[in-house]
Protein chains: 2
Amino acid sequence: MKEPQPKTAAATVADVARLSGVSKATAARVLGGYGTVSDKARDAVMLAAQELDYRPNELARSMTTGRSGTIGVVVGDIENPFFGSAVRGISDAARASGFNVVLANSGEDVEAERVAINTLVAKRVDGLIVSPAQESTVGHLEEIGQTGRPLVLLDRAIAALAVDSVTADDRQAAEALTRLLVERGHREIAYVTACDTPTHLYRDTGDILTASVRERIEGFLEVGAEAGIADMRRWVRLGANTSDATRRLTIDLLREGTPPSAIIASDSLIALEIFKVAREQGIDMPGALSLVTFHDAAWTAVTTPPITVVRQPVYEMGEAAAKMLIERLNGEQCAPRHLILPTQLVERASVAVRGHSDDGPRIRII
Amino acid sequence: MKEPQPKTAAATVADVARLSGVSKATAARVLGGYGTVSDKARDAVMLAAQELDYRPNELARSMTTGRSGTIGVVVGDIENPFFGSAVRGISDAARASGFNVVLANSGEDVEAERVAINTLVAKRVDGLIVSPAQESTVGHLEEIGQTGRPLVLLDRAIAALAVDSVTADDRQAAEALTRLLVERGHREIAYVTACDTPTHLYRDTGDILTASVRERIEGFLEVGAEAGIADMRRWVRLGANTSDATRRLTIDLLREGTPPSAIIASDSLIALEIFKVAREQGIDMPGALSLVTFHDAAWTAVTTPPITVVRQPVYEMGEAAAKMLIERLNGEQCAPRHLILPTQLVERASVAVRGHSDDGPRIRII
DNA sequence: AGCCCCTAAGAGACCGGTCTCTTTTTCAAA
DNA sequence: TTTGAAAAAGAGACCGGTCTCTTAGGGGCT
């Protein structure tokens with residue numbers, strides 16, 4: 001029935017036209033599904049197309065139409081389940097509207113991010129969804145707008161950039177988490193994040209170049225201040241961007257003169273590593289150490305104790321970002337929109353109640 | 001210095017040529033980095049390019065060169081950490097060789113897979129990496145070859161297809177897992193997989209359309225037979241392809257007259273759900289139920305008890321697949337290669353020793 | 001029959017690069 | 001100075017589609 005023709009070059013519209021005895025224009029109309037064509041011509045063309053195993057060349061099509069039907073996505077690390085879910089949301093929404101996804105990993109490195117964006121623009125993606133590594137370096141993001149392509153920021157908004165964004169309500173979430181701990185009697189609460197500064201030290205929120213993390217730290221500090229905890233800032237720990245770094249940082253933290261009685265992890269990868277360290281060191285959880293984290297990763301529900309988390313609607317964030325982008329591609333011209341999705345505190349069992357007398361069990365690592 | 005020109009159409013080689021006062025061909029030589037050009041001309045062109053904020057159009061370039069510098073990847077579900085790691089491996093290797101990745105989710109549905117492949121071919125990806133949903137339907141995979149594009153199968157080989165593949169040693173892994181359980185005295189061992197048949201019933205390995213799973217079940221059955229366990233086949237359970245399905249299936253399994261004393265989960269998503277069910281039902285693990293799984297997902301190390309797993313080199317599998325594909329793209333012409341990476345049994349604490357007297361604790365769910 | 005409108009089809013430019021082929025320039029050796 | 005080969009630059013076809021513009025037919029209406 002169908003003859004495989006491995007060596008022959010792929011059939012083109014012109015080939016089909018020739019075989020079916022119509023002009024290239026008519027064949028193109030049938031194959032491209034536009035214009036008006038008689039049934040007779042249509043049948044002839046379709047037959048010839050099948051005969052030649054014609055496959056349209058989207059590249060050529062994109063070239064003339066100026067639309068590639070492709071959206072570029074740049075995330076920090078697709079291996080992180082957070083981005084895994086987000087990309088799935090993006091990709092489902094994109095497919096529903098006939099778009100494809102080109103994926104690039106930045107490894108949270110701005111330079112890699114810049115290169116990736118340039119490549120994607122060169123490939124003529126119709127629009128981009130980016131989870132920017134840093135807020136301070138935005139030149140490459142601004143350039144996207146200059147090329148006339150819409151951009152949607154995912155998970156991390158940048159105030160200086162007048163573009164759409166989809167984020168979770170990080171500030172509120174951090175406040176809820178911190179307040180929970182404070183209400184349970186905790187006063188030594190550490191906040192551990194993958195974000196980093198050149199000195200690896202935290203002085204003020206201006207140091208933090210990732211909006212979502214900054215918001216969280218602000219919420220954390222504010223609730224601490226409200227509760228009258230002195231020098232809350234010293235409890236912020238940066239640079240937990242690899243499992244090794246997290247491990248070292250956690251051990252150092254727990255070895256200090258006054259170790260924290262509770263830790264807030266900025267993402268589930270960090271929480272996992274902290275959990276492992278605590279378990280290895282034989283630290284009773286939550287008795288001696290409470291742990292809460294952002295991102296309701298699948299595993300947080302099955303540990304002993306299960307972890308209290310803030311659930312971010314990650315899949316939905318990805319989905320919303322893609323939908324926003326596609327609206328822009330369909331001509332939506334409104335002012336930049338900032339969609340902030342609500343989070344949900346999921347209380348499980350990783351937070352202990354501490355007496356105010358400060359006589360709870362103490363961690364001791366040698 | 002640089003003038004943003006938002007409304008102006010993107011600058012082309014011809015524009016740059018005009019401004020710099022050279023021919024289009026010369027400008028193209030400079031911008032495209034080929035041919036020989038005088039320093040004077042080069043400088044003029046570069047200056048003009050900067051002035052106009054020239055950005056190359058990869059689409060146009062691909063059209064003439066016939067190479068898009070893009071590889072298409074079709075996986076079942078990017079949300080599954082298994083594929084997350086694999087895609088990261090692919091994407092890192094691809095980038096190292098200057099390739100981009102277009103990602104498509106099949107949702108383990110052959111029809112969606114077919115559509116995705118057609119789209120990717122239409123987009124003129126240089127080659128594809130596919131984790132095929134079914135072994136029985138290969139027409140769309142064969143067509144890839146007919147278009148002259150190399151294909152590498154990931155995680156699931158298909159004997160009928162003469163193409164490269166990268167898999168883990170599933171057979172050996174299943175044998176190791178089953179043998180471990182048998183040696184610990186287990187004789188009622190269930191195997192739970194996401195694969196399914198039209199009847200949802202398992203008769204023989206011919207029913208299983210995913211090579212990796214078939215190999216695993218064969219290994220499972222063989223070790224069972226060696227151990228003299230009667231009718232091992234009845235312990236194979238299919239259709240755990242959503243968390244709800246897994247949950248129902250697990251509860252049914254544990255309610256049977258003779259429930260299993262151990263379960264082998266075919267992937268970490270299934271294991272997670274089984275673990276949750278066991279915990280909810282108050283089943284002592286491993287005392288009343290042992291659990292082992294394929295895929296050393298991050299969480300398996302932190303549960304109580306931690307789960308004994310088979311570690312597959314997932315990232316490396318993705319990496320190897322991409323490297324193989326790129327070799328083909330660079331003209332490698334050898335016969336199809338089948339790379340089988342070794343797995344590793346990671347013994348943790350989810351397997352109990354059972355006495356031969358069959359008097360261990362029994363599961364009872366009402 | 002004459003006129004008009006509408007459908008169908010063809011011709012050919014165009015998108016933005018690459019690449020071949022040809023012509024001009026450069027420069028060193030004779 | 002002449003000569004010749006190599007280097008540099010230009011002209012224009014080409015990739016495979018889309019799309020505009022033009023021309024050829026086919027009723028319906030007066």
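Labels below follow one simple rule: chain letters A, B, ... track the order of the sequence lines, proteins then strands, and each chain is numbered from 1. All heavy atoms count here, side chains included; hydrogens, waters and symmetry mates do not.
For the atom pair CZ of B/Arg156 and OG of B/Ser165, the computed distance is 13.0 Å after rounding to the nearest 0.5 Å.
Taking the screw axis at each terminus of the helix from C/dA1-D/dT30 to C/dA30-D/dT1 from five consecutive base pairs, the angle between the two is 50° to within rounding of 10 degrees.
For B/Arg328, the salt bridge (charged side-chain N to carboxylate O under 4.0 Å, His left out) criterion is met by B/Asp164, not counting sequence neighbours. A/Glu142 pairs by the salt bridge (charged side-chain N to carboxylate O under 4.0 Å, His left out) definition with nothing, not counting sequence neighbours. With sequence neighbours excluded, the residues that form a side chain to side chain donor-acceptor pair (under 3.5 Å) with A/Ser85 are B/Glu79. B/Arg95 pairs by the side chain to side chain donor-acceptor pair (under 3.5 Å) definition with nothing, not counting sequence neighbours. For A/Ser136, the side chain to side chain donor-acceptor pair (under 3.5 Å) test picks out A/Gln134, with sequence neighbours left out.
If you check residues 33-47 of chain A against DNA chain D, the residues with a heavy atom closer than 4.0 Å are A/Tyr34, listed by number.
Within the structure, ring pair (Phe, Tyr, Trp, His ring centres under 6.0 Å) pairs that include any residue of residues 13-42 of chain B do not occur (at least two apart or interchain). Each ring pair (Phe, Tyr, Trp, His ring centres under 6.0 Å) pair with one or both residues in residues 50-82 of chain A, not counting sequence neighbours, appears once here: A/Phe82-A/His295. For the salt bridge (Lys or Arg N to Asp or Glu O under 4.0 Å) condition, no pair includes a residue of residues 30-47 of chain B, sequence neighbours left out.
Summarising the geometry, the separation between CZ on B/Arg18 and P on D/dG10 is reported as 14 Å, rounded to the nearest angstrom. As rounded to whole Å, 12 Å separates atom P of D/dG17 from atom CG of A/Leu52.
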Which pairs of donor and acceptor atoms, one on a side chain in residues 16-26 of chain A, lie under 3.5 Å apart (sequence neighbours left out)?
residue: A/Arg18; atom: NH1; partner: A/Asp15; partner atom: OD1; Å: 3.2
residue: A/Ser20; atom: OG; partner: A/Val16; partner atom: O; Å: 2.7
residue: A/Ser20; atom: OG; partner: A/Ala17; partner atom: O; Å: 3.3
residue: A/Ser23; atom: OG; partner: A/Ala25; partner atom: N; Å: 3.4
residue: A/Ser23; atom: OG; partner: A/Thr26; partner atom: N; Å: 3.2
residue: A/Ser23; atom: OG; partner: A/Thr26; partner atom: OG1; Å: 3.2

Enumerate the protein-to-nucleotides 10-16 of chain C contacts in which both atoms are nitrogen or oxygen and the separation is below 3.5 Å.
residue: C/dG10; atom: OP2; partner: A/Ser23; partner atom: N; Å: 2.7
residue: C/dG10; atom: OP2; partner: A/Ser23; partner atom: OG; Å: 2.9
residue: C/dG10; atom: OP2; partner: A/Thr26; partner atom: OG1; Å: 2.8
residue: C/dG10; atom: N7; partner: A/Arg29; partner atom: NH2; Å: 2.8
residue: C/dG10; atom: O6; partner: A/Arg29; partner atom: NH2; Å: 3.4

